[in-house]
Amino acid sequence: MKFSLKRLFEFYDEVLSLPHKNEIARELRDEDDLFLLLVYSDMLGIPNPAFYYTLELYPYIIEKFHDWHLRMGMEKSPLDGIRCC
């Protein structure tokens, strides 16, 4: 059975990252939550100097909004314009 160098590197990377998968997933989720807070901050009443630029992202991230506000401990949508529950 022949192993290519690429498969060897993939295996090595998998072995190194195996014990840290939960930590990596948690960090990525935290970064995503922070990004969504930045995008929706103006609607939540927190001044956002980049509001004009983040406004374009709403159609792409509206699907993630429901999961985000539940993770943040809000039972219902805090925004009047977005009704997801």
Side-chain angles (χ1 to χ4, degrees):
M1 193 182 252
K2 290 186 177 182
F3 288 105
S4 68
L5 193 56
K6 181 180 177 182
R7 290 186 77 168
L8 181 64
F9 284 140
E10 289 173 357
F11 176 73
Y12 178 72
D13 186 45
E14 187 71 26
V15 168
L16 287 180
S17 67
L18 187 62
H20 304 288
K21 282 192 180 208
N22 289 336
E23 294 173 25
I24 293 170
R26 188 178 330 113
E27 287 294 325
L28 289 174
R29 189 175 54 242
D30 289 347
E31 285 181 12
D32 194 35
D33 289 344
L34 184 63
F35 175 72
L36 287 174
L37 178 64
L38 173 70
V39 170
Y40 290 117
S41 64
D42 199 50
M43 291 179 136
L44 293 170
I46 303 169
N48 180 5
F51 176 71
Y52 178 75
Y53 301 106
T54 59
L55 193 60
E56 296 175 354
L57 300 173
Y58 284 169
Y60 300 107
I61 61 173
I62 196 71
E63 297 160 356
K64 296 180 181 182
F65 181 75
H66 179 69
D67 295 331
W68 175 75
H69 82 76
L70 289 177
R71 261 196 324 270
M72 295 294 111
M74 302 175 221
E75 293 178 12
K76 296 182 180 178
S77 174
L79 307 177
D80 294 332
I82 300 175
R83 299 193 189 272
C84 62
C85 301

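The first residue in the sequence is number 1, and the count goes up from there.
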With a 4.5 Å heavy-atom cut-off, do [X] and [Y] have their side chains touching?
{"X": "Val39", "Y": "Tyr60", "answer": "no"}
{"X": "Asp13", "Y": "Phe9", "answer": "no"}
{"X": "Met72", "Y": "Leu37", "answer": "no"}

Exercise: identify the closest heavy-atom pair between Asp42 and Pro47: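 Distance-wise, the nearest heavy atoms are OD1-CA, 4.3 Å.
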Specify the closest pair of heavy atoms between Leu70 and Glu75, including all atoms of both residues, with the distance to one decimal.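 The pair with the smallest heavy-atom distance is CD2-O, 4.0 Å.
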Report whether Leu38 and Leu57 are members of the same hydrophobic cluster (ILVMFWY, side-chain heavy atoms less than 4.5 Å apart, transitive linking).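 The answer is no; the residues belong to distinct hydrophobic clusters.
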Find out if a path of hydrophobic residues (ILVMFWY) with successive side-chain heavy-atom gaps under 4.5 Å connects Tyr40 to Phe35.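 Same hydrophobic cluster.
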Value rounded to 0.5 Å, distance of CG in Leu18 from NE2 in His20: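 Leu18 atom CG to His20 atom NE2 measures 9.0 Å (nearest 0.5 Å).
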As an exercise, state the distance from OG of Ser41 to CD1 of Ile46, rounded to the nearest 0.5 Å.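 One finds 5.5 Å between OG of Ser41 and CD1 of Ile46.
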Please determine whether side chain to side chain contact (heavy atoms under 4.5 Å, CB included) holds for the pair Val15 and Phe11, giving the CA-CA distance in whole Å, both sets of side-chain angles, and the decisive distance to 0.1 Å. CA-CA 6 Å; Val15 168; Phe11 176 73; 3.6 Å; yes
Can you tell me if CZ on Phe51 sees more than 12 non-hydrogen neighbours from other groups inside 6.0 Å?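 Buried by this count: over 12 neighbours within 6.0 Å.
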Sequence neighbours left out, cut at 3.5 Å: what donor-acceptor pairs do the side chains of residues 22-31 make with other protein atoms?
none

What pairs with Lys21 under salt bridge (Lys or Arg N to Asp or Glu O under 4.0 Å), at least two apart in sequence or on another chain?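 Once residues adjacent in sequence are excluded, the partners of Lys21 under the salt bridge (Lys or Arg N to Asp or Glu O under 4.0 Å) criterion are Glu14.
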Side chain to side chain donor-acceptor pair (under 3.5 Å) involving Arg71 - partner list, sequence neighbours excluded: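 Arg71 satisfies side chain to side chain donor-acceptor pair (under 3.5 Å) with Asp33 once adjacent residues are dropped.
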